[in-house]
Amino acid sequence: MTEQYDGIHRQSLADPEGFWADAAQAIDWDQPATKVLDDSDAPFYRWFAGGKLNTCFNALDRHVIAGRGEQDALIWDSPITGQKARYSYAEMQARVATLAGALAELGVTAGDRVIIYMPMIPEAAMAMLACARIGAIHSVVFGGFAAPELAKRIDDATPKLILSASCGVEPSGVVDYKQLLDHALELAEHSVEHCLILQRDMHPCALTNGRDLDWEEAVAAAPPADCVSVDATHPLYILYTSGTTGRPKGVVRDHGGHAVALTWSMQNIYGIRPGEVMFTASDVGWVVGHSYIVYGPLLAGATTIMLEGKPIGTPDAGTFWRIAEEYEARALFTAPTALRAIKKEDPNGEFIARHDLTKMRAFFLAGERSDPDSVRWAEEHLRIPILDHWWQTETGWAIAGYPFGLERLPVKIGSAGKPMPGYDVMALDEQGEVMPAGELGNIVIRLPMPPGTFATLWGNRERHFDGYLARYPGYYLTGDSGIVDEDGYVHIMSRIDDVINVAGHRLSTGGMEEVLSNHPDIVEAAVFGVRDATKGQVPLGLVVPGSHFNGDESALVAELIQRVRDEIGPVAAFRQCVVVKRLPKTRSGKTLRGTMRSIANGDEWTMPATIDDPAILDEIAADLARLGR
Ligand code: COA
Ligand code: AMP
């Protein structure tokens, strides 16, 4: 039964060039690759060297040429504003071409960076595609980040232009994107020539003279721009993700490998054929949104649904099911957090029962570990396969999963499935020996990784090498620990670094520690992730004030919480913080975050042999108890 998957996976590792050259035939090339796998700069590999194409052409124009002009390309459903819209492939192509024309009129050319800081509205997807159309490199910044985080990305990507909107709409109210953007531009050292601002009716904004331009006016005046043929290895986008420090990493993805891998994944992983509808409930600011709200479905000639709203509260826990029914979605993809939130509001699946979901074939989860309870709940009420899969911003598509469109592999709850083509996944011990099946190790991928995975980190090849390739020569270090079991299934358990996953959002505890330590009253801080019933993990901070501090502790904590919100963003969900006298350390001075995490989670823990002063842990346990942990 597993012949097909096994055979394909084996073939992809034995003959990667042959496998991906075949897959590349699903893409329209202006010029085919001269070298499918370019290993001349190993351990940095490039796919489809010498090839030329344009991703926007492949995502829009070719489908119009092939007769899909009238088919919906993108359906926008915004329960939070009470609006809906549909864009056919022909309309999408026309809108993207004129937006690309407006960018070109503003002097944006191939290779220039463009930052997109926008809410979940169709223009965000159009902006991405317009950049791709003229070979500009987009960098979408998630709206839940605060101005200083946006400023860091502006300084790293040095964009010529920023595309934004007057506001976003969250359950807590209107988010003034323009104000955040203005503040970020004040903080950033790099100055941009122009910002193109889309005015939304619910909260229009004032434009800064000389710098800001009105989106609608610019587009109305622009001639449509044609697709620019770029090298397959030309960067399509930079997407910043959290590392272990407060400095984000700019993951660079190219045009060619990305188009090939995503197109392969649409049919073989998600089982979506051209003309069918995929509903990915995420945000374009994350990699899941890049790959499966925008590029994947459109490259495959499918219809994508973009939701401006939440799994619950906009207006209720039935929103996903209402949308899936209304637009006949064949697959739904979201984060386990969303499923947990829905399950909490609708434990008996009553909202699910109100909808005809017979068109939906499978439900996909990724972004964090899926808890078995929620998966079983979804299985019971949806009665379709609930399929976990594991990937990262760096890889751009699934490392391991259930290739639903290819073959129905038996589902193992708690596992993220089996390695996808081109991924040779294993667990290694500290010395680099492969762990026996079923034993925990550092999860690595043998190089080269398949097409679609990141080319490098923007402007920082050294960090790429040091962070991912140096630890085990010949392998990519995923940063996750886990198990490969006796049947070849991959189980991802936790991160091996200081990255945490809050509601499926990847965040750096190091970044939060920096914010806390920068407060004049704080001499030291430790932040780690603790279990949370809805968000999976949330950050918890311990802070040590300086000896001069004699103020009110709760006022200090409130100020610190506000600081993290202002500097990193509301998405960090930093709400738990406690003042302590000192932090537990090893004799060599390393803070024992893991032990504190175990105490906070109520897990069993053992006294680390290397601890400097065991009495501190009792103090910490008492301090955490004050937080109710
Ligand atoms: N723009 C501006 N602010 C945003 C934002 C955006 N795009 N996205 C989130 N925020 C803000 C929220 O308004 C909230 O602010 P608040 O503290 O003022 O309420 C904060 O960031 C945290 O947001 P969120 O993570 O959405 O938590 P929540 O408590 O509002 O909602 C869930 C809980 C479970 C409904 C929500 O976390 C969710 O939908 N999770 C799914 C996550 C997901 O799809 N991840 C994609 C990765 S694949
Ligand atoms: P991001 O780059 O934001 O997509 O986050 C990637 C990280 O999220 C991974 O390195 C894992 O730690 C975690 N992750 C993503 N998907 C899964 C999954 N299916 N199971 C467990 N962890 C996951």
Side-chain angles (χ1 to χ4, degrees), residues 80 117-121 124 141-146 165 167-177 180 239-243 249 251 280-293 307-314 317 319-320 333-345 364-371 387-401 414-417 443 454 477-482 490-497 499-507 532-538 561 565 568-575:
I80 201 155
Y117 185 59
M118 295 183 74
M120 285 289 284
I121 52 178
V141 179
F142 178 60
F145 282 123
C167 71
V169 188
E170 286 288 304
S172 50
V174 161
V175 180
D176 193 332
Y177 273 53
L180 288 161
L239 179 57
Y240 286 91
T241 188
S242 300
K249 304 193 274 197
V251 165
T280 300
S282 176
D283 190 289
V284 288
W286 305 113
V287 69
V288 171
H290 277 61
S291 295
Y292 296 109
I293 296 176
L307 162 67
E308 186 183 30
K310 302 271 172 176
I312 53 171
T314 59
T319 294
F320 280 12
F333 175 3
T334 193
T337 297
L339 192 58
R340 283 194 296 272
I342 293 171
K343 172 176 155 241
K344 198 168 155 204
E345 298 258 310
F364 295 88
L365 291 167
E368 57 183 308
R369 195 173 155 72
S370 291
D371 58 291
L387 305 171
D388 190 8
H389 57 328
W390 163 63
W391 45 300
Q392 310 178 309
T393 306
E394 288 84 345
T395 65
W397 65 289
I399 306 168
S415 155
I443 301 284
F454 73 138
L477 181 71
T478 63
D480 285 316
S481 74
V490 180
H491 305 242
I492 298 300
M493 309 312 285
S494 63
R495 293 287 302 188
I496 55 176
D497 53 19
V499 166
I500 57 170
N501 203 312
V502 179
H505 309 318
R506 177 167 155 187
L507 296 160
D532 180 83
T534 304
K535 297 195 175 189
Q537 269 186 317
V538 286
I561 289 174
R565 192 178 168 90
I568 294 178
V571 69
F574 183 77
R575 296 205 175 94

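Please read all numbers here as calculations on a predicted model, not as lab measurements. One-based numbering, in listed order, for ligands and for the atoms of each.
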Checklist line | Which residues share a side chain to side chain contact (heavy atoms under 4.5 Å, CB included) with Arg369, sequence neighbours left out | finding: Met493
Check: Name the residues with a heavy atom less than 4.0 Å from ligand 1?
Finding: Phe142, Gly143, Gly144, Glu170, Ser172, Val175, Tyr177, Ala281, Ser282, Asp283, Val288, Lys310, Pro311, Ala335, Thr337, Ala341, Ala503, Gly504, His505, Lys535, Arg565, Pro570, Val571, Arg575
Next item on the list: Anything under 30° is parallel, anything over 60° is perpendicular, the rest tilted; go ahead and classify Tyr292 against Trp391.
Entry: perpendicular
Checklist line | Main-chain N/O of Asp388 paired with Ser370 side-chain donor or acceptor, under 3.5 Å | finding: no
Next item on the list: Determine, step by step, whether Lys535 and His505 satisfy the side chain to side chain contact (heavy atoms under 4.5 Å, CB included) criterion, reporting the C-alpha distance in whole Å, the side-chain angles of both residues, the deciding distance to 0.1 Å, and the verdict.
Entry: CA-CA 9 Å; Lys535 297 195 175 189; His505 309 318; over 6 Å; no
Notebook entry, point to check: Under 3.5 Å, is there a donor-acceptor pair linking the side chains of Glu394 and Thr241?
Noted result: no
Notebook entry, point to check: Residues in side-chain hydrogen bond (donor to acceptor under 3.5 Å, both in side chains) with His389, at least two apart?
Noted result: Tyr270
Item checked: Verdict with supporting geometry, Thr319 and Leu307, side chain to side chain contact (heavy atoms under 4.5 Å, CB included) -> CA-CA 10 Å; Thr319 294; Leu307 162 67; 4.2 Å; yes
Next item on the list: Assess whether side chain to side chain contact (heavy atoms under 4.5 Å, CB included) is satisfied between Phe145 and Leu507, documenting all intermediate values.
Entry: CA-CA 11 Å; Phe145 282 123; Leu507 296 160; 4.1 Å; yes
Report each N/O pair between ligand 2 and the protein that falls under 3.5 Å, naming both atoms.
residue, atom, partner, partner atom, Å
ligand 2, 2 (O), Thr393, N, 2.7
ligand 2, 2 (O), Thr393, OG1, 2.5
ligand 2, 2 (O), Arg506, NH1, 2.6
ligand 2, 8 (O), Gly367, O, 3.3
ligand 2, 8 (O), Asn501, ND2, 3.2
ligand 2, 10 (O), Gln392, NE2, 3.0
ligand 2, 10 (O), Asp480, OD1, 3.3
ligand 2, 10 (O), Asp480, OD2, 2.6
ligand 2, 10 (O), Arg495, NH1, 2.7
ligand 2, 12 (O), Asp480, OD1, 2.5
ligand 2, 12 (O), Asp480, OD2, 3.4
ligand 2, 16 (N), Gly367, N, 3.0
ligand 2, 19 (N), Asp388, OD1, 2.8
ligand 2, 19 (N), His389, O, 2.8
ligand 2, 20 (N), Glu368, O, 3.4

Next item on the list: Locate the shortest heavy-atom distance separating Val141 from Tyr117; write the atom from each residue and the value.
Entry: O-CD1, 3.5 Å
